[in-house]
Number of protein chains: 2
Amino acid sequence: MEPSWDDLRTVLSLVRGASLASAAEELGVNYTTVARRISRAETALDQKLFDRLADGYRPTEAGKTIAEHAARMEDHAHGLMRQLQGQDNTLRGPLTITAPQLLIAHALAPAIDQFCTAYPEIALHVRATNDLLDLNRREADLAIRISRDPGDSLKGLRLTQQHSASFATQAWADRIADDPDTLIDWVVYAAYQDVPRNVDPTFPNHRIRLTFDDMVAIRAAAQAGLGVARMPLFLGRATPGLVQIPVLPPQPYAEIWAVGHPDVWPAAKVTAFRNILVPHFRSIRDKFVAKAA
Amino acid sequence: MEPSWDDLRTVLSLVRGASLASAAEELGVNYTTVARRISRAETALDQKLFDRLADGYRPTEAGKTIAEHAARMEDHAHGLMRQLQGQDNTLRGPLTITAPQLLIAHALAPAIDQFCTAYPEIALHVRATNDLLDLNRREADLAIRISRDPGDSLKGLRLTQQHSASFATQAWADRIADDPDTLIDWVVYAAYQDVPRNVDPTFPNHRIRLTFDDMVAIRAAAQAGLGVARMPLFLGRATPGLVQIPVLPPQPYAEIWAVGHPDVWPAAKVTAFRNILVPHFRSIRDKFVAKAA
DNA sequence: TCCATACCATGCGATATTGCATATTATGAA
DNA sequence: TTCATAATATGCAATATCGCATGGTATGGA
C-alpha cells in the first residue's frame, strides 16, 4: 500500500512542526487528524515514521526521507498555484498584498481605498508587516517593500525614491538651534548601532541614547522627547509632535518598490493593483523627497 | 481555497486517461469519485478544469497546467517510494520482479521457487512480460532482461552470455542434411525482416516464409514444421519437437541481465533475489552457451 | 432502424474520516 | 511537593467521502 499524497504532506508538516498541534495548525485540521494520518501512513508503509516522545514527534530516517521529497512536491504545488494565478484574468476573488505598517498608514491607505472601490468583487487581504513574506510560497501576491532593489528572482517596479532626515520634538529643535554644540541624543535602529553618517559637522556632539529594532518604537521615543531620530521624510513629516531638524540633511534612503513573483506578476488582479499604485505614488511624490534646493 | 494534493493527482489521472473510467481505474477508485474530486477541485479554484464532452473529459488550459505540475509531483512521489524501498532492510513484504515469459518458463522457475522457500515472508510478484516495465515508476523492483546492456540510468548485473542457433523439426533437419541446396523456409522476427546474417554458406538457398512479432509464436510455427527459426539455445534445446540444425552456427546473442533502479538496488529484498539469481545462472550456464569447440 | 457500447449524471445507503471532549503523561517553575 | 503547561492518546458523535445502482445521451455497426 502506498500512502496518499495528502498523508505525505501531513508527514512534511509534522516534521516541520515537530508537534501534532503545530502541524495541525499549518494544515488547518484538528491535531487528532494529524495523528491518525501519520498512523495511516505508517501502516501503509509498514514502518515507523516518528518516535513518539514526551515533547513531540521526532522523525525517523524514513520520516525525514518522506519530508524531503514531500517538500519538493510542495514546491511544485506552490509553482502550480502561482502559475494558475498568473493565468487568471478575472477581477474577482482573493488578492493578498503586504507592506510595512507605517507605509500603509501614511501612504498606501488611499490607494487601497481606491482599489477596493474600483474592484468591489476582489477580496483584498492586506498583511501589514515588516517581515519579508515568501512570495514563492504565496504568502502574498504583491509586496510593497522598502529596499535597494527587488532582489532574489522577483519582478520589481520602482514606485518612488525617498529621502531620510532627522526629526525630533520642538524642544530638541530649539535647544539645538540655540546651541549647536549641545550633546545630541540619538534614538537609532539596533541594526546600525551608530549615529548616522553624513551628519552636518555644524553639530559635533552626539551619543546613542537608545536602540530599537522597530521604527514604530523609534518614532514613539522621538515623540516622547528621548532624542533625535533618523527616519524617512514621509514618516517624520506625518508624525505629530516631530519637526525636521537640520542635524542630518535630507539624503537618499532606500527606495519603495512593488515586487512580486514573475509567475504571479501578470495576473489581472495584480496588474490592476499596480495600475493604481503607480499613479498614486506619482501624485504623492512630494511626501517622500526633499524639494530640490 | 486550495485543492488537496490528492485532487491534483486525480486531475493528472483524468488528463492522462481522458475519461472518468480510465482515471478511476488508474487510481483504484470508483469513477464517480473521480467526477466528484474534479468538481471539488474546480470549486476550490473557482475555474473550470475540464470540458465535459460526450466522449470524455477534455482538459482546459488550467487543467493542463495542473497536470504538468502534478506530473512533477508524481515524479517526486515515485522517487520517494524508490528511496524508501532502497533503505528497506527487511526481508518481508512485497517484491515485484519482471522477466520475459519464456525465460521464466525455461530458466527462472527454479530460482523463483528457491527464493520463495528461502524467504517465505516476502510476497513475490512476478510480472511475466516482454514489455520493458518502467522501473522509475516502480512497475517492477528488479527486471531480468535480454539486452546488450542495462541501458538508461539503471544499475545492471550480467547474469550470463548466451548463444543463438537455428532450430527446426526433425523432418526439416533430415531434408536439409540430405540436400544442402534445398530451399530453406525461415520463420523470423518482424523486426528483422530478413534471413539471419552469418548463415553457413553450405546452405545457399533461403526465403522468409513468415514473420511474427513474438517468440512464442515463432517457436510454435517452427514446431509445426513451417520452417527454420533462429532462437536462443536455451529455448530451442528445451522445445519438444525441435532439433538444432547446422544452418546457422551458434553465435553470440543478447546477454541476460538483472537490471534495477539505483535507488531500489540496495534494498535487502532485491539484494536477496540477486544473490539467488547469480549462482543459479552460473549453475545453468550450459543451457545458454554452445560448448567450446 | 435498432442495438450494443462507452461515456456521463445523480440519488442513496455504507463507510471512512474528522472534530470534540476527555483522559493521561512528562516537564519545569513556584 | 504542587500546580500549570504542553504534549499525546482515545471514545464517540457529526460529517464528509465513497461505491453502487439507476438513468440519460451520443456514437457506430449490423
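In the text below, chain A, chain B and the rest are named by the order of the sequence lines, each starting its count at 1. Atoms considered below: every heavy atom in the structure, side chains included; atoms not considered: hydrogens, waters and symmetry mates.
Comparing the start and finish of the helix from C:dT1-D:dA30 to C:dA30-D:dT1, five pairs each, the helix axis swings through 20°, to the nearest 10 degrees.
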Pairs under 3.5 angstrom, nitrogen or oxygen only, protein versus nucleotides 6-13 of chain D, please.
residue, atom, partner, partner atom, Å
D:dT8, OP1, A:Leu20, N, 2.9
D:dT8, OP2, A:Leu20, N, 3.4
D:dT8, O4, A:Tyr31, OH, 3.4
D:dA9, OP2, A:Tyr57, OH, 2.5
D:dA9, N6, A:Tyr31, OH, 2.6

| task | Verify side-chain hydrogen bond (donor to acceptor under 3.5 Å, both in side chains) between A:Arg36 and A:Thr32, making sure each step is shown before the conclusion. | result | CA-CA 6 Å; A:Arg36 283 187 281 232; A:Thr32 57; 3.2 Å; yes
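In the displayed structure, B:Arg58 atom CZ is contacted under 6.0 Å by at most 12 heavy atoms of other residues, nucleotides or ligands. In this structure, B:Gln101 places its CD atom where more than 12 heavy-atom neighbours from other residues, nucleotides or ligands lie under 6.0 Å away.
Applying a 4.0 Å cut-off to non-hydrogen atoms, the residues of residues 40-49 of chain B that approach DNA chain D are B:Arg40, listed by residue number. Sorted by residue number, the members of residues 23-30 of chain B with any non-hydrogen atom under 4.0 Å from DNA chain D read B:Val29, B:Asn30.
The interatomic distance linking B:Arg58 (CZ) with C:dC8 (C1') rounds to 15 Å, in whole Å. In this structure, CZ of B:Arg37 is placed 16 Å from P of C:dC8, rounded to the nearest angstrom.
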Please tabulate, for the side chains in residues 115-123 of chain B, all donor-acceptor contacts under 3.5 angstrom to protein atoms that are two or more places apart in sequence or on a different chain.
residue, atom, partner, partner atom, Å
B:Thr117, OG1, B:Asp113, O, 2.9

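Within the 4.5 Å cutoff, the side chain of B:Leu142 has heavy atoms near those of the B:Arg274 side chain.
Taken to the nearest 0.5 Å, the CD atom of B:Glu139 stands 6.0 Å off from the CZ atom of B:Arg127.
By the side chain to side chain donor-acceptor pair (under 3.5 Å) test, A:Ser147 is found to be paired with no residue, residues two or more places apart in sequence or in another chain being considered.
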